Amino acid sequence: MIAAIVDWATIGKVVLYSLLIGVGVATIFGLGVSSAAGLQEALRRRSTGGAVAWALLAAVCVAVAGGAVVIGIVVMSSKS
Amino acid sequence: MHSDLLLVIVVVAALAFDFTNGFHDTANVVASSISTRALSPRTAVLIAAALNFAGAFISLKVAATVATGIVNPALVTQTIVFAGLIGAIVWNLVTWFFGLPSSSSHALIGGVVGAMLAAVGTSGVEGGAIIGKVVVPAIVAPVLALLVAGISIVIIYWMVGRRRPGPVTKGFKLGEIVSGSMLALAHGTNDAQKTMGVISLALVAHGSIKPGQVPSWVVVSSATAIALGTYAGGWRIIRTVGMRIIKMDAAQGFSSQAAGATVILASTHFGYPLSTTHVISGGVMGAGAAKRLSAVRWGVAGDIALAWILTLPGAAAVGAGAYAVANVFGSGALGPLLITVITVGVLGAIVVGRRERHAESARA
């Protein structure tokens, strides 16, 4: 009976989107933090190449995480 | 005339509920940021209040679900809406009194359903919708947040494990500010809409609007009430969520808030009136359990779970009782007016008594 009442397809979408976006954004931001820490370590070692690589990776991760936040807000507002 | 006065009482009660909702649920939004010192308490609460206000304007989907999906709008009277609100307000303040982060959303739905059952019986309640849109998501959402936060924190620890802790903590504190802000925005979109839905129900019962409509003044007043409530803050629950479930580090605070925000935004997107409280508590438990199962104080988690289970029937019982008392005085404004005075008096005495006891124990 409950199976007929509950819209499992929609709940499944909520679960899937939450898992993919939630874990994805947290992972990308975590990679960004790790890269920023790597950048600091490379600067302390005076490793220019390493610093540039870590800086680029950190910037990309922060941009992607920021983009995800903006997309989240846009998706929300488009359903009003 | 009686109908107009009753509508005013119902709208004031709805906005009072909205205030307690912000007051009660501030904890969910700011507890992690405060406990890991990412933000000072005052700044965290101020940001949460502003974003709760903004969030209320983003979507009206949940408002429509509350207004039309849970009970039969054709059978709703203003007295039923009023009694439901009393059930929700009383339940919110009782759980606040004990420092338990229960769901304001479920208190509201429980209160309205209880009043409806007392008024017209089971024919007025959309049982299938309550199971499909309230009960099942209430079970799925905290487990989902627990999973998202747990998986995230395992990956994050693996990525930053060999880094120096200083810059990593600083980075995640920044992340907490962003994820906490998203959580506040999500809370505003989800919770302020419930009040909008209830005021809309009362307006439909009054004959002022058609089902499914939400007037602009309802949106603005609901947003303002929840923002003011958030700013007033519920420090007792902040302590429970931020410090008593687990002792959090910045990465755990970030992952629990990010998980909570994602689950709430996804659910709101599909029109489920979700409990922010359940979701963020699930996220906090997930972030703690993934590090070490014993890191979670399961006794506190058990108390919270018990409050969750009791919320729907508890608020429904108060809502049904409030309707029965109001009905003794007929369908006019007298019953609701008397109940309002009695409720404000009793709750005010409890709050003042509690504060005096705290002041005495502080002096001693």
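Every value quoted in this text rests on a predicted model; they were computed, and no experiment measured them. Residue numbers begin at 1 in each chain, while the letters A, B, ... track the order of the sequences.
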Extract all donor-acceptor atom pairs below 3.5 Å that involve side chains of residues 14-32 of chain A and protein atoms in other chains or at least two apart in sequence.
residue: Ser18(A); atom: OG; partner: Val14(A); partner atom: O; Å: 2.7
residue: Thr27(A); atom: OG1; partner: Val23(A); partner atom: O; Å: 2.6

With a 3.5 Å cut-off and sequence neighbours excluded, list the donor-acceptor pairs that the side chains of residues 170-183 of chain B form with protein atoms.
residue: Glu176(B); atom: OE1; partner: Thr36(B); partner atom: OG1; Å: 2.6
residue: Glu176(B); atom: OE2; partner: Thr36(B); partner atom: OG1; Å: 2.9
residue: Ser179(B); atom: OG; partner: Gly175(B); partner atom: O; Å: 3.1
residue: Ser179(B); atom: OG; partner: Glu176(B); partner atom: O; Å: 3.4
residue: Ser179(B); atom: OG; partner: Gln257(B); partner atom: OE1; Å: 2.9
residue: Ser181(B); atom: OG; partner: Ile177(B); partner atom: O; Å: 2.6

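Heavy-atom pairs under 4.5 Å with chain B peak, among Val69(A), Thr10(A), Val62(A), Val33(A), at Val33(A). The residue among Val263(B), Ile151(B), Val148(B), Ile155(B) with the most heavy atom pairs within less than 4.5 Å of chain A is Val148(B). Counting heavy-atom pairs closer than 4.5 Å to chain A, the top residue among Val135(B), Val143(B), Val168(B) is Val168(B).
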Quick one, Val136(B) with Trp8(A), criterion side chain to side chain contact (heavy atoms under 4.5 Å, CB included). Give me CA distance, side-chain angles, the key distance, then yes/no. CA-CA 10 Å; Val136(B) 170; Trp8(A) 291 110; 3.8 Å; yes

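Using a 4.5 Å heavy-atom cut-off against chain A, the contacting residues of residues 156-166 of chain B are Ile156(B), Met159(B), Val160(B), Arg163(B), Arg164(B).
Heavy atoms of Ala37(A) lying under 4.5 Å from chain B belong to its backbone as well as its side chain. For a residue to count as touching a neighbouring chain, one of its non-hydrogen atoms must lie under 4.5 Å from one of that chain's; by this rule Ile153(B) does not touch chain A.
Applying the salt bridge (charged side-chain N to carboxylate O under 4.0 Å, His left out) test to pairs two or more places apart or on separate chains, none has a residue in residues 63-73 of chain A.
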